[in-house]
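Shown next, in structure tokens, is the structure this report addresses.
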Amino acid sequence: MKLLRMKVVLAAIDYDDASHAVLEAARALADAGGADLHAVHVDTPSPGARKAGAQSSIDTAVALLERANVPIDRGRVHVIAGEPVSVMRDLADRVGADVIVLGPHREARGTDAYLGGTAVAIATTSSAPCLIVTRGLRLPLRRVLVPVDLSDTARGALVVALSWSSALRGGRGTPTELTALYVAQSDGTAGATPSAEEALTAELDGVRREAGSWAGVVIDGVTVAGTDVAGVIADRARDLRADLVVLGTRGAGLDAVGRLGSVSAEVSRRVDAPVLLVPPAVWTAIGNR
């Protein structure tokens, strides 16, 4: 198991209030890891307005960095015209991004949708984990929640959660608490079964053996029964005052919910904490290792 090494943080910005939280979180990660910070705005104006508005877009992006206290010599600004998902994915690969920081990007204002189609597509097809933020990221990480269902997707998310928890923990003697939450779906009349608890224990024992002594993370497994899986996860995140919730995303499907996974999409909508989405390219690579 490899410890997280944060070398490049890529922040997707728009010219709205949400971008301030994105840049603050990106700056916190870059500061913690000594990483380079790249901010990108994908410009989609009409062809006639593109040339005239290019410098204005750059100036606006630089102003956003200054507002988020990102030194100009520390960050690099990209203003690129094109289709947002392709631009973000290609740039992330080109700069070697270790994480992509995004706002919710709700395209459908006034609806119940939490993540817009652009954010969903990036979070499910990128080669780096995607951090979705609506507020600043609290560092060092003290409490991290990772819902698991004993699938390959969840197992990869658990490994990423452990790596982040260890790399972004407090000083020596102050371990981060990582809670692996398994929600056993039930009709509400019975608690979690012994077999579910045993399966989670075995899963975590394997992770502990792989982590060795470097992690500096206390791993706790919790198994509960419930009918509303996303609701149980969101309630637990609030009760723990989680600094970060880590979720695996599934592969391409017919719609946004199918691609992200219905539970991941609903949890992202309900929790206030930053959510780290682990795309298939990441957890598949972990499984292969």
Side-chain angles (χ1 to χ4, degrees), residues 1 3-6 9-11 18 20-35 37 68-70 98-104 114-115 119 123 128-148 154 156-183 204 207 211 214-222 224 230-249 263-278 282:
M1 189 176 297
L3 183 64
L4 173 70
R5 293 183 179 178
M6 193 79 68
V9 176
L10 178 61
H20 184 65
V22 168
L23 284 170
E24 281 193 330
R27 178 180 57 81
L29 286 173
D31 288 346
L37 195 160
N69 296 318
V70 178
D98 297 293
V99 62
I100 303 171
V101 186
L102 301 158
Y114 176 75
L115 295 178
C130 296
L131 182 67
I132 312 296
V133 297
T134 56
R135 61 168 174 79
L137 175 68
R138 291 193 299 258
L139 293 179
L141 295 177
R142 302 295 188 189
R143 291 169 292 274
V144 175
L145 178 67
V146 52
V148 298
L158 179 60
V159 171
V160 171
L162 177 60
S163 180
W164 276 59
S165 298
S166 181
L168 300 174
R169 69 185 187 275
R172 187 180 297 275
T174 310
T176 297
E177 299 173 5
L178 189 156
T179 300
L181 175 64
Y182 178 65
V183 183
L204 297 183
V207 170
W214 57 258
V217 178
V218 175
I219 305 174
D220 183 30
V222 177
V224 298
V232 171
I233 294 169
D235 289 344
R236 181 69 61 164
R238 282 190 292 270
D239 292 344
L240 289 175
R241 297 183 62 202
D243 297 316
L244 182 68
V245 177
V246 183
L247 291 156
T249 67
V263 171
S264 294
E266 187 63 15
V267 170
S268 298
R269 185 180 73 83
R270 295 193 191 187
V271 302
D272 180 54
V275 176
L276 184 67
L277 298 176
V278 181
V282 176

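Side-chain atoms are counted along with the backbone in the values below, which use heavy atoms only and exclude waters and symmetry mates.
Checking Asp220, Leu145, Leu158 one by one against Leu178, the side chain to side chain contact (heavy atoms under 4.5 Å, CB included) holds for a single residue, Leu158.
Taking each heavy atom of Gly248 and Ala157 in turn, the nearest pair found is N-CB, 3.6 Å. Taking each heavy atom of Val271 and Ala237 in turn, the nearest pair found is CG1-CB, 4.1 Å. The minimum heavy-atom distance linking Leu29 with Val99 is given by the pair CD1-CG1, 4.0 Å. When all heavy atoms of Thr176 and Arg169 are compared, the closest pair comes out as OG1-CB, 3.0 Å. Shown here for Arg138 and Arg241, the closest heavy-atom pair between the two residues is NH2-O, 3.3 Å. Ala11 and Leu23 get closest at one heavy-atom pair: CB-CD2, 4.1 Å.
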Tell me, with the steps shown, if Trp164 and Val246 meet side-chain contact (heavy atoms from CB on, under 4.5 Å). CA-CA 10 Å; Trp164 276 59; Val246 183; 5.9 Å; no
Candidate pair Leu131 and Leu244, rule side-chain contact (heavy atoms from CB on, under 4.5 Å), full reasoning: CA-CA 9 Å; Leu131 182 67; Leu244 182 68; 3.6 Å; yes
Decide side-chain contact (heavy atoms from CB on, under 4.5 Å) for Leu37 and Arg27; before the verdict, give the C-alpha distance in whole Å, the side-chain angles of both, and the deciding distance to 0.1 Å. CA-CA 7 Å; Leu37 195 160; Arg27 178 180 57 81; 4.2 Å; yes
Give the C-alpha distance, both sets of side-chain angles, the deciding distance and a yes or no for side-chain contact (heavy atoms from CB on, under 4.5 Å) between Glu177 and Leu240. CA-CA 10 Å; Glu177 299 173 5; Leu240 289 175; 5.8 Å; no
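In terms of modelled atom types and a separation under 3.5 Å, the side chain of Asp243 and the main chain of Val144 share no donor-acceptor contact. With Ser166 contributing its side chain and Leu162 its backbone, the two residues share no donor-acceptor pair below 3.5 Å.
Between Leu277 and Ser268 the shortest side-chain heavy-atom distance falls below 4.5 Å.
A salt bridge is absent between Asp239 and Arg236: the closest approach of a Lys/Arg side-chain nitrogen to an acidic carboxylate oxygen does not fall below 4.0 angstrom.
Heavy-atom neighbours of Arg135 CZ from other residues, nucleotides or ligands within 6.0 Å: above the threshold of 12.
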